Colleague: 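This structure is in structure tokens; I'll ask about it shortly.
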Number of protein chains: 2
Amino acid sequence: MESVAQTAEGTESGRGAACVQGKDLAYNVFARSCPSRGTLEHVTGRWGSLTLGALHDGTFRFNELRRRVDGVSEKMLSQTLHALERDGLVHREAQPTNPPRVDYRLTPLGREVSERLLTLIDFVEGHMDDVLEARERYDGTRES
Amino acid sequence: MESVAQTAEGTESGRGAACVQGKDLAYNVFARSCPSRGTLEHVTGRWGSLTLGALHDGTFRFNELRRRVDGVSEKMLSQTLHALERDGLVHREAQPTNPPRVDYRLTPLGREVSERLLTLIDFVEGHMDDVLEARERYDGTRES
DNA sequence: CCGTATCCTAAATGATACTG
DNA sequence: CAGTATCATTTAGGATACGG
């Protein structure tokens with residue numbers, strides 16, 4: 001009987017141990033080697049978050065997405081889309097035409113994720129002035 | 001007069017161009033080199049997201065945090081906390097005692113961010129079974 | 001206890017070329 | 001168009017040692 005992750009000592013409030021094993025609330029990103037941590041990284045990763053955010057606006061082809069996610073390379077977008085498709089967040093539909101046409105869109109699950117992600121993104125964007133101001137204060141009290 | 005980022009062509013719906021310059025809604029993570037992208041990465045990054053999530057539960061000392069964020073190294077936690085402090089999301093309070101005692105907690109802004117982040121994290125954790133199932137389907141239709 | 005400094009490895013990313 | 005393959009480079013990350 002080996003416990004999967006002994007995150008906290010037990011005295012504190014929230015989110016301790018417990019990853020998988022049993023019935024309900026079993027996943028815990030705070031525990032190393034919990035599969036949910038990997039998925040969270042796909043979702044919140046540099047390109048994953050932007051790709052999910054872009055797909056929130058509709059259905060797009062590969063190169064359309066590339067333009068919407070400014071700065072992403074072919075390789076990274078391809079890799080990101082594969083990971084999100086594998087996790088069941090993105091649906092890929094290839095038309096057997098010539099030239100080929102491939103459409104990407106969110107699955108219902110992916111839509112729920114991107115909804116919550118966009119809530120976060122919009123909040124951050126909406127408070128960038130506060131962040132930039134905080135940075136100036138932080139940097140100001142330390143110039144050597 | 002050089003436009004900062006020509007993300008989309010204009011035909012599509014949402015989130016095109018516009019980063020900074022003027023009055024209100026000016027930041028756009030989808031544009032390369034928009035400062036909000038950097039902050040989003042601090043917030044959603046591998047250790048940033050877990051650190052903000054851990055701090056949602058209260059005030060913690062450095063090594064308490066290290067235990068809560070299972071697997072983080074001293075170096076990464078230190079770096080992460082500095083970035084979050086600089087962005088005005090985390091407050092650091094050092095007592096001049098011996099041995100030293102340093103407490104970390106969320107700022108009001110950081111709390112709002114972590115709230116939205118946790119909404120996302122909890123959703124992902126709550127649907128890991130769906131994700132894992134999707135992965136099996138994905139992998140199943142492709143075993144060479 | 002709370003870190004920083006250093007060194008080193010592994011992973012992520014970018015650039016380029018090429019295929020169906 | 002929609003990618004994959006390969007290679008070069010950058011960056012993140014871990015281990016360790018040391019200092020306030």
Side-chain angles (χ1 to χ4, degrees), chain A residues 9 11-12 29 32-33 37-51 54-55 59-86 90-105 138 142 144, chain B residues 9 11-12 29 32-33 37-51 54-55 59-86 90-105 138 142 144:
Chain A
E9 332 72 35
T11 57
E12 304 297 350
V29 289
R32 176 166 51 192
S33 83
R37 188 179 280 195
T39 297
L40 183 67
E41 279 170 26
H42 295 159
V43 168
T44 61
R46 189 172 182 186
W47 302 120
S49 59
L50 297 178
T51 301
L55 284 172
T59 298
F60 297 99
R61 303 172 64 168
F62 186 83
N63 282 310
E64 286 178 334
L65 273 175
R66 254 197 93 188
R67 282 187 291 274
R68 292 180 79 91
V69 180
D70 189 32
V72 71
S73 66
E74 293 187 348
K75 182 185 169 185
M76 282 301 104
L77 181 57
S78 172
Q79 202 170 105
T80 300
L81 285 169
H82 279 310
L84 295 176
E85 187 193 357
R86 192 168 101 98
V90 165
H91 178 76
R92 177 181 186 276
E93 187 165 3
Q95 323 271 343
T97 61
N98 192 306
R101 177 193 179 91
V102 182
D103 289 311
Y104 291 94
R105 56 186 166 80
Y138 183 94
R142 287 182 179 65
S144 64
Chain B
E9 331 72 37
T11 57
E12 305 297 350
V29 289
R32 175 165 53 193
S33 84
R37 189 180 278 196
T39 297
L40 184 66
E41 279 170 25
H42 294 158
V43 168
T44 62
R46 188 172 184 185
W47 302 121
S49 60
L50 297 178
T51 301
L55 284 171
T59 298
F60 297 99
R61 305 174 62 170
F62 187 83
N63 282 312
E64 286 178 332
L65 273 176
R66 255 198 92 188
R67 282 186 292 274
R68 293 180 77 90
V69 181
D70 189 31
V72 70
S73 65
E74 291 186 348
K75 181 187 170 184
M76 283 301 104
L77 181 57
S78 173
Q79 202 170 106
T80 300
L81 285 169
H82 278 310
L84 295 175
E85 187 193 357
R86 191 168 102 98
V90 164
H91 178 77
R92 177 182 187 275
E93 187 165 5
Q95 324 272 342
T97 60
N98 193 305
R101 177 192 180 94
V102 182
D103 289 310
Y104 292 93
R105 56 187 165 81
Y138 183 95
R142 287 182 181 65
S144 65

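Computed from a predicted structure; not experimentally measured. A note on names: the letters A, B, ... follow the listed sequences, proteins ahead of strands, and every chain is numbered from 1.
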Colleague: Give, for atom CG of Asp70(A) and atom CZ of Arg32(B), the distance between the pair rounded to the nearest 0.5 Å.
Modeller: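 These two atoms lie 4.5 Å from each other.
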Colleague: Provide the start and end nucleotides, 5' to 3', of the part of DNA chain C that has atoms under 4.0 Å from heavy atoms of chain B.
Modeller: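 Counting from the 5' end, contacts occupy dC1(C) to dC7(C).
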Colleague: Salt bridge (charged side-chain N to carboxylate O under 4.0 Å, His left out): which pairs involve residues 39-51 of chain B, sequence neighbours left out?
Modeller: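 Pairs touching residues 39-51 of chain B that pass the test: Glu41(A)-Arg46(B), Arg46(A)-Glu41(B).
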Colleague: Below the 4.0 Å mark, does dT4(D) have OP1 or OP2 next to a side-chain nitrogen or oxygen of Ser78(A)?
Modeller: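 So the side-chain polar atoms of Ser78(A) do come within 4.0 Å of the phosphate oxygens OP1 or OP2 of dT4(D), strictly under.
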Colleague: Arg92(A): which residues meet the salt bridge (Lys or Arg N to Asp or Glu O under 4.0 Å) condition with it, sequence neighbours left out?
Modeller: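 Result, salt bridge (Lys or Arg N to Asp or Glu O under 4.0 Å) vs Arg92(A): none returned.
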Colleague: Return the value, rounded to whole Å, for the distance between atom CZ of Arg61(A) and atom P of dG3(D).
Modeller: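 Checked: the CZ to P distance equals 10 Å.
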Colleague: Please write out each protein N/O paired with an N/O of nucleotides 12-16 of chain D under 3.5 Å, distance rounded to 0.1 Å.
Modeller:
{"from": "dG13(D)", "atom 1": "N7", "to": "Lys75(B)", "atom 2": "NZ", "distance (Å)": "3.2"}
{"from": "dG13(D)", "atom 1": "O6", "to": "Lys75(B)", "atom 2": "NZ", "distance (Å)": "3.0"}
{"from": "dG14(D)", "atom 1": "O6", "to": "Lys75(B)", "atom 2": "NZ", "distance (Å)": "2.3"}

Colleague: Of all residues at least two apart in sequence or in a different chain, which pass the side-chain contact (heavy atoms from CB on, under 4.5 Å) check with Arg101(A)?
Modeller: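 So Arg101(A) forms a side-chain contact (heavy atoms from CB on, under 4.5 Å) with Arg61(A), Gln95(A), Thr97(A), Asp103(A).
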Colleague: Starting from C1' on dC1(D), measure out to CD on Gln95(A) and report it in whole angstrom.
Modeller: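 Going from CD in Gln95(A) over to C1' in dC1(D) covers 13 Å.
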Colleague: Please round to the nearest 0.5 Å and tell me the distance separating atom CZ of Phe60(B) and atom CZ of Arg67(B).
Modeller: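 With rounding to 0.5 Å, CZ (Phe60(B)) is 10.5 Å from CZ (Arg67(B)).
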Colleague: Give me the stems containing DNA chain D, sorted by first residue, counting only three or more consecutive Watson-Crick or G-U pairs with both distances under 3.5 Å; say none if there aren't any.
Modeller: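 Counting only runs of 3 or more consecutive pairs, the stems involving DNA chain D are C:3-20 with D:1-18.
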Colleague: Can you see if the side chain of His82(A) gets near the phosphate of dG3(D) - specifically, an N or O under 4.0 Å from OP1 or OP2?
Modeller: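 No, outside the criterion.
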Colleague: Mind checking what makes side-chain contact (heavy atoms from CB on, under 4.5 Å) contact with Arg86(B), not counting sequence neighbours?
Modeller: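 By the side-chain contact (heavy atoms from CB on, under 4.5 Å) rule, Arg86(B) matches Arg135(A), Tyr138(A), Asp139(A).
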Colleague: Once rounded to the nearest 0.5 Å, what's the spacing between atom OH of Tyr104(B) and atom CD of Glu85(B)?
Modeller: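 That separation rounds to 7.0 Å.
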Colleague: Measuring from atom CE of Met76(B) to atom CZ of Arg66(B), what distance do you get when rounded to the nearest 0.5 angstrom?
Modeller: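 Going from CE on Met76(B) over to CZ on Arg66(B), the span is 11.5 Å.
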Colleague: Considering every strand and a 4.0 Å limit on heavy-atom distances, what is the contact class for Arg66(B): base, sugar-phosphate, or nothing?
Modeller: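 No contact.
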Colleague: Taking CD from Glu64(A) and P from dG3(D), how many angstroms apart are they, rounded to a whole number?
Modeller: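 Going from Glu64(A) (CD) to dG3(D) (P), I get 12 Å.
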Colleague: Report the residues that fulfil side-chain contact (heavy atoms from CB on, under 4.5 Å) with Thr51(B), sequence neighbours left out, ordered by chain and then residue number.
Modeller: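 Scan of Thr51(B) (side-chain contact (heavy atoms from CB on, under 4.5 Å), adjacent residues dropped) gives Leu55(B), Val69(B), Leu77(B), Thr80(B), Leu81(B), Leu84(B).
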Colleague: Please report, rounded to the nearest Å, how far the P atom of dC1(D) is from the CZ atom of Arg92(A).
Modeller: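 One finds 16 Å between P of dC1(D) and CZ of Arg92(A), rounded.
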Colleague: How long is the straight-line distance from CZ of Phe62(A) back to CG of Leu65(A), given to the nearest 0.5 Å?
Modeller: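 Here the interatomic distance stands at 8.0 Å.
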